Amino acid sequence: MDTQNIAQPLGGEPTLPRRQLQSGTELVKRYHIQEVIGVGGMGSVYRARDLHFPNVTKLVAVKEMINMAPDPLVRQTIVQNFEREANLLATLNHPAIPRIYDYFSEDDRSYLVLEFIHGKDLESIINDTNGFLPEEQVLGWGIQLCDVLSFLHNHKPDPIIFRDMKPSNIMINSNGDVILVDFGIAKTFQVGQKGTMIGTEGYSPPEQYRGEATHLADIYALGATLHHALTRRDPRLEPPFSFAERPLRRINSRVSPELEAVINTALQYNPAERFASAADMKDALMGVARKTGALSKITTTSIAPASGIKPIWSFKCEDEVRGTPLLYQGALYIGCYDNNLYALNAADGKFQWKYAADGGIVSRPAIFDGNIFFGSEDQSLHVISARTGKVVWTYHTQAPIHSSPRIAEGHVFIGSDDHHLHAVNLNTGRSVWKFESADEIRSTPLVANDLIYFGNESGDFYAIDFRGTLKWRFQAKRAITSSPVIAGQSLYFSSVDGTLYCLDARNGWAIWRFRLGKGSVSSPAVADNYVFVGAADGFVYGVEAQTGKEVWRFRTEHQVSSSPVVYKDSIYCGSVDRNLYCLEYRTGRQRWKFETQGAITGSPVVFDDIVYIGSNDHQVYALLA
Amino acid sequence: MFDFFRKLFGGNDNKRAETATTAPLSDQQIQSIVHNQNMQFEIQQLVAATGQSVGKQRDHNEDSLVAITSTMAGKANNVPFGLYIVADGMGGHQYGEVASNAAIRVVAGYIMRKFHSYLFTIPTQQPEESLQEIMESSIKEAHRVVQKDAPGSGTTVTAALVVGEQVTIGHVGDSRAYAIYPAGRVEQITRDHSLVKRLEELGHLNKEEAASFPHRNVLIRALGQGDVLDVDVFTIPFPANGTLMLCSDGLWGVVAEQDILHSLTEAPNLQRACQNMVTAANMAGGPDNISVILVQMVG
């Protein structure tokens, strides 16, 4: 994984006469500047270490904006605008938007502290690639970009126009997913005449030069970005709005005519002739993907027959597969009751290697820095190299482990039946601290808001800080085996007491409780304004996140211990009735189901339109999503 | 509306108007910038103010309101706690004021009893039920009481329970809760249970038709009316750096959102803001009782 510039200087931009922060500088006694990772028009971007985590290395990106306005009143307004914008950005919750941790102003500079992204920006990728990028890769990014634009354009109460879509503002992270960086925030610092043009020449549509910026401007700029990515012709070096003079397929004949047509529509001079929305453009790109077979085959029929779904591949282990798989760089890692962790080729299910623990594996492995982490009933946390399957280190607890590891801030956190939550140093495998709870911990810890959240088998739910100090505790009536999820300020988890809980993540107050027909060990999933969870009464539930009101319920024929997984507009969930279900998440309507020969208690993972699931019939399956 | 503010602020206003063409920011804006930058309090706490008036055309007040703000700071965690309720007794019915008075007392009493062991006992104990359950039960309890004590009457109720940084809203009728953000955005949080709103939602009325609809006061849900009461209950984050406003239709039906916003931003404090809003409603004719509560979170 390498780290690249978050913002690169553009060809024509003036270099900054301003002094950059030296490495070693400390900002607000908290952020230790390590190095410059990018230079933009308003200041530099630094990689910094957050000193609030003294024992571990938490890296953040610190974006600096230098206030160059001479008039003190204007300067104040700029700072105020910046803070308002930062507050808005902090509320955006989307996987393709970096998280904002903090902001502050010091002297003539304002700083935004955000998630540090391991990856590379698209402009560098274009420049560093010999020849053209493959169509399906660009198509995949295009679809993801439509998704995030659609999220921004549908933001309530006011739509957010990104205004500056271009390759250097798109990061591709180590999973190959897009992250939009450099929101409008920096633009408030642009000193200039009234009506300063915001956006980057070459990518911006004609109307933006007249000061109009609607969501249709973003669609044009996305078209321009995809055009650049597929042709390697930088539009900033060409006359404005001249894409029509550089037909895609004349430059890169491997681009399909269908994709060319979509990009041409996005690049229409007249906004009314472009796609009406990012969602429409996404549909068109999906259409191309379907036609060219780029993204496997995407199921479009609303209800596929119950039978007739053929797995892409399946792999047989020696015992029940109750674990949840992990997908990493083309390989699938999954634990099994036969004590082995298997590494399979995700594309064809071919065996790569296995690693034998001394007990069954029911959890979901985690990955960090090329190493796989997982707990086993042999009481140990195992760390093995993803490439070779050789052990890196092991860490012993005093009882079997059913919890899955969570990696954050340089630590791995894992619960054990020895009643403790263990914090283990990622590199050395040594215990940093242990937090003692009243009972077995089988719930997988969640790390958010600088706190660690988890439940135990006697129904306690804890929030502890990175030093292992209890911040607050909540009591359910029976075991909390389910793992919490967070959305905004709310935490969601289910309990064997038959309740889905929504708690205030800051202080543990119950905001609402939703009665399930029976107890649940299924971990909820959240999407849009919905929470999904399975229960022992055989139902999968869809519940409104803000009110705790039921939206739909879907009956399976047996207990649902599996945790639902959201992918696109569907959820995927297994049942003890042997089936894996795919449901439309807004309505709970079944799209398809796939029957295995045994109960399904593990949870699926979905990536690139393929669902992976283990079953108690000893098999691991890969299915088209 | 501007005339009204000119009257309110008298001589000052002229000076400001003269300088406005050259200065990029008004005095008021500068004040608010300075004010915002200095807002760093150790204790996170709620501040609230209220305003009420019988109006110019009614002879008695059928609105009721409650504002309870508590701060407990010390070694233990300080969780801001506040309870704010506006209820508008139904004018066409007997006992309108009885209904709204019963509603606020029963709702507030029910909620405060549930929180008593958390706020006032050692060791502190959180209520068994969730915040939304407490809110819903309190309003249903008030519904029963109103049906018993003032049969035939009805009232709106809009209640906001603030615990920490979240607000749980309970709502029936056409009083409203708003979030007013520092950038000047005024967002209605509640949905009116009124005939006009319903017809608008169903597409039978457009915006202009709705504005001149003769039966604007007709509610389709009210506390005290009907056997089963359907209460809107939901939880949202407290508007960051903003203001939570609860009011009856004597304010929102008469004073435009922009002028409500103006009353808030022009005022030196929340108390004055409430007075400004009430005055604005009365200046606009004061056709109905007026109630308003403003709440901010500082620190």
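Quick note on labels: first sequence line is chain A, next is B, and so on, each numbered from 1. Computed from a predicted model, the values in this text were never measured in an experiment. Every heavy atom of this structure was used, including side-chain atoms; hydrogens, water molecules and symmetry mates were not.
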Report the C-alpha distance between B:F81 and A:W509 in whole Å, list the side-chain angles of each, state the deciding distance to 0.1 Å, and finish with yes or no for ring-ring contact (aromatic ring centres under 6.0 Å, His included).
CA-CA 12 Å; B:F81 173 90; A:W509 280 87; 8.0 Å; no
Can you measure from [atom1] ([X]) to [atom2] ([Y]) and round to the nearest 0.5 angstrom?
X      : Y      : atom1 : atom2 : result
A:R506 : B:E165 : CZ    : CD    : 4.0 Å
A:K549 : B:F234 : NZ    : CZ    : 10.5 Å
B:I236 : A:S490 : CD1   : OG    : 11.5 Å

What's the shortest heavy-atom distance between [X] and [Y], and which atoms?
X      : Y      : answer
A:G508 : B:Q126 : O-OE1, 3.8 Å
B:Q166 : A:D504 : CG-OD2, 3.0 Å
B:V79  : A:N507 : CG1-ND2, 4.0 Å
B:V233 : A:T547 : O-CG2, 3.3 Å

Pick one of side chain, backbone, both or neither for B:A240, based on which atoms fall under 4.5 Å of a heavy atom in chain A.
neither
For B:E128, is it the side chain, the backbone, both or neither that has a heavy atom under 4.5 Å from a heavy atom of chain A?
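Both parts, backbone and side chain.
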Quick one: of B:A183, B:S130, B:P237, who has the most non-hydrogen atom pairs under 4.5 Å with chain A?
B:S130
Just checking A:R478: does its CZ atom have more than 12 heavy atoms from other residues, nucleotides or ligands closer to it than 6.0 angstrom?
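No - once you tally the heavy atoms of other residues, nucleotides and ligands closer than 6.0 Å, there are 12 at most.
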Just checking B:Q125: does its CD atom have more than 12 heavy atoms from other residues, nucleotides or ligands closer to it than 6.0 angstrom?
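No, CD of B:Q125 has 12 or fewer neighbouring heavy atoms, counting only those of other groups under 6.0 Å.
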Could you check whether any side-chain N or O of B:Q132 sits under 3.5 Å from a backbone N or O of A:Q546, counting only pairs where one atom can act as donor and the other as acceptor?
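Such a contact is found between B:Q132 side chain and A:Q546 backbone.
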